[in-house]
Amino acid sequence: MTAPRIFTVDQLLDVLDQVVDGSGRGDRSTKSAAEFWTGLLSTPGHPLATQLPDEPLVDWQERGLLGELAGARVLDVGCGGGRNSRWFAEQGATVDGIDLAKDLLDQVRPGMPGTVTLTALDVLRDPLPDRTYDVVYDSGCFHHIAPHRRITYLQRILPLVRPGGRFGIVTFAAERMETPSDLDVVTTGDTYGGMTFSLDDLRTIFSPLTPVDLRPVREDRPNTFAPDFLNAALLTQPETQPDA
């Protein structure tokens, strides 16, 4: 049978999705990876099984860079076991945590503060909350998305940041880790356990937003999750959007 011809961007993205899904690791940004993430994030002793909040969050809050969190609405993208969702709630925020790992969310939901709502969904393909947020935060979701789907992520996630709101992100650091090029990932389909981004990469990729703080994650703050192989960026949505 002849394969369908590609003549739209959506068809091209779908074909590239098939390349990634057909690799040995599969596509870890789809619901087919839910069991993988549940197992990883609930493995005793695994670094990602921590309940500690990210070091940049605590630092940004102490420096007043996140705005007033008491009463704020927060979206935690790729929330995993909800450690950062819990931290936001403890600062007084109302939090929507979203993640692929439905079973994991079911496990941790009973222990979450009442101001945290956890929902299992695919951030690239499923309907997202129909609202904007004071803070949108992504700790480790973006760097598992194949290069061609970054376009989809930007189109879907950035509009959820209200004008004047904050977008924070933590990714693997290109300054400390080596990963194949985007071309290698797209042609082989292998996302190699996650891709790395330099601080300049983050500034460029998220250029519709205004940079506030871009830096490596620091290990010197106790009671936080602070591996030295991560970069962090905090940016703001402009108060007025440029004309189309």
Side-chain angles (χ1 to χ4, degrees), residues 8-14 16-17 20-21 27-34 36-38 41 54 57 66-67 69 71-89 93-106 108-109 112-171 191 194-195 202 205-209 233-238 241 244:
T8 70
V9 172
D10 285 344
Q11 288 171 334
L12 175 59
L13 295 177
D14 288 344
L16 293 173
D17 284 345
V20 175
D21 195 49
D27 191 341
R28 291 181 177 172
S29 72
T30 68
K31 288 181 178 177
S32 63
F36 168 82
W37 289 117
T38 296
L41 295 172
D54 286 347
L57 281 182
L66 291 176
L69 290 181
R73 296 288 311 211
V74 174
L75 179 64
D76 188 2
V77 179
C79 64
R83 57 190 178 84
N84 290 314
S85 293
R86 178 187 299 279
W87 180 86
F88 276 115
T94 299
V95 186
D96 290 331
I98 57 177
D99 198 276
L100 293 170
K102 180 181 182 302
D103 289 348
L104 178 63
L105 298 186
D106 290 344
V108 303
R109 188 178 289 110
M112 281 289 144
T115 52
V116 174
T117 300
L118 301 179
T119 304
L121 60 78
D122 179 338
V123 69
L124 299 177
R125 301 165 183 89
D126 289 339
L128 296 173
D130 185 20
R131 60 166 303 117
T132 58
Y133 292 87
D134 301 295
V135 179
V136 175
Y137 188 66
D138 177 335
S139 180
C141 175
F142 185 72
H143 60 215
H144 288 291
I145 293 173
H148 65 283
R149 280 296 178 183
R150 291 176 200 149
I151 302 165
T152 308
Y153 179 101
L154 294 172
Q155 290 174 337
R156 288 169 62 86
I157 294 299
L158 295 195
L160 299 182
V161 185
R162 70 162 175 81
R166 275 72 167 175
F167 175 78
I169 187 167
V170 171
T171 70
T191 55
M195 285 146 281
L202 295 176
I205 292 170
F206 295 99
S207 60
L209 307 180
L234 181 66
L235 310 98
T236 61
Q237 185 80 273
Q241 300 297 313

Stepwise side chain to side chain contact (heavy atoms under 4.5 Å, CB included) check, D17 with D14: CA-CA 5 Å; D17 284 345; D14 288 344; 4.0 Å; yes
Stepwise side chain to side chain contact (heavy atoms under 4.5 Å, CB included) test for F88 and V116: CA-CA 9 Å; F88 276 115; V116 174; over 6 Å; no
Evaluation steps, side chain to side chain contact (heavy atoms under 4.5 Å, CB included), between D96 and R73: CA-CA 8 Å; D96 290 331; R73 296 288 311 211; 3.3 Å; yes
Parallel, tilted or perpendicular: ring planes of F206 versus F167, cut at 30 and 60 degrees: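 Taking F167 first and then F206, their aromatic rings sit tilted (interplane angle of 30° to 60°).
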Working to the nearest 0.5 angstrom, can you tell me the gap between [X] [atom1] and [Y] [atom2]?
{"X": "R149", "Y": "L154", "atom1": "CZ", "atom2": "CG", "value": "12.5 Å"}
{"X": "I98", "Y": "D122", "atom1": "CD1", "atom2": "CG", "value": "9.5 Å"}
{"X": "L128", "Y": "I157", "atom1": "CG", "atom2": "CD1", "value": "5.0 Å"}
{"X": "D76", "Y": "L57", "atom1": "CG", "atom2": "CG", "value": "8.5 Å"}
{"X": "T119", "Y": "R109", "atom1": "OG1", "atom2": "CZ", "value": "7.0 Å"}
{"X": "I169", "Y": "H143", "atom1": "CD1", "atom2": "NE2", "value": "9.0 Å"}

NZ or CZ of R131 within 45° of Y133 ring axis and under 6.0 Å: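 Because its charged atom sits under 6.0 Å from the ring centre and within 45° of the axis, R131 does stack over Y133.
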For [X] and [Y], which heavy atoms make the closest approach, and how far apart are they?
{"X": "Q237", "Y": "L209", "result": "OE1-CD2, 3.2 Å"}
{"X": "V20", "Y": "A146", "result": "CG2-CB, 3.9 Å"}
{"X": "L121", "Y": "P127", "result": "CD2-O, 3.7 Å"}
{"X": "A89", "Y": "T115", "result": "CB-OG1, 3.5 Å"}
{"X": "G78", "Y": "C141", "result": "CA-CB, 4.1 Å"}
{"X": "G97", "Y": "C79", "result": "C-SG, 3.6 Å"}

Side-chain ion pair, R166 and D134, N-O less than 4.0 Å: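 Salt bridge absent between R166 and D134.
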Test log, rule side chain to side chain contact (heavy atoms under 4.5 Å, CB included), inputs N84 and V74: CA-CA 10 Å; N84 290 314; V74 174; over 6 Å; no
No-hydrogen, no-angle side-chain donor-acceptor test under 3.5 Å, D54 and S139: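 Result is yes, a qualifying pair exists.
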Can you tell me if [X] uses its side chain to pair, donor with acceptor, with the backbone of [Y] under 3.5 Å?
{"X": "D103", "Y": "L105", "answer": "no"}
{"X": "D99", "Y": "G80", "answer": "yes"}
{"X": "R125", "Y": "T30", "answer": "no"}

Side-chain heavy atoms of D126 within contact of K31, under 4.5 Å: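 Result yes, sub-4.5 Å side-chain heavy-atom pair found.
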Validation row: L66, L234 side chains within 4.5 angstrom (heavy atoms):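 When only atoms from C-beta onward are counted, L234 and L66 do touch, with a gap below 4.5 Å.
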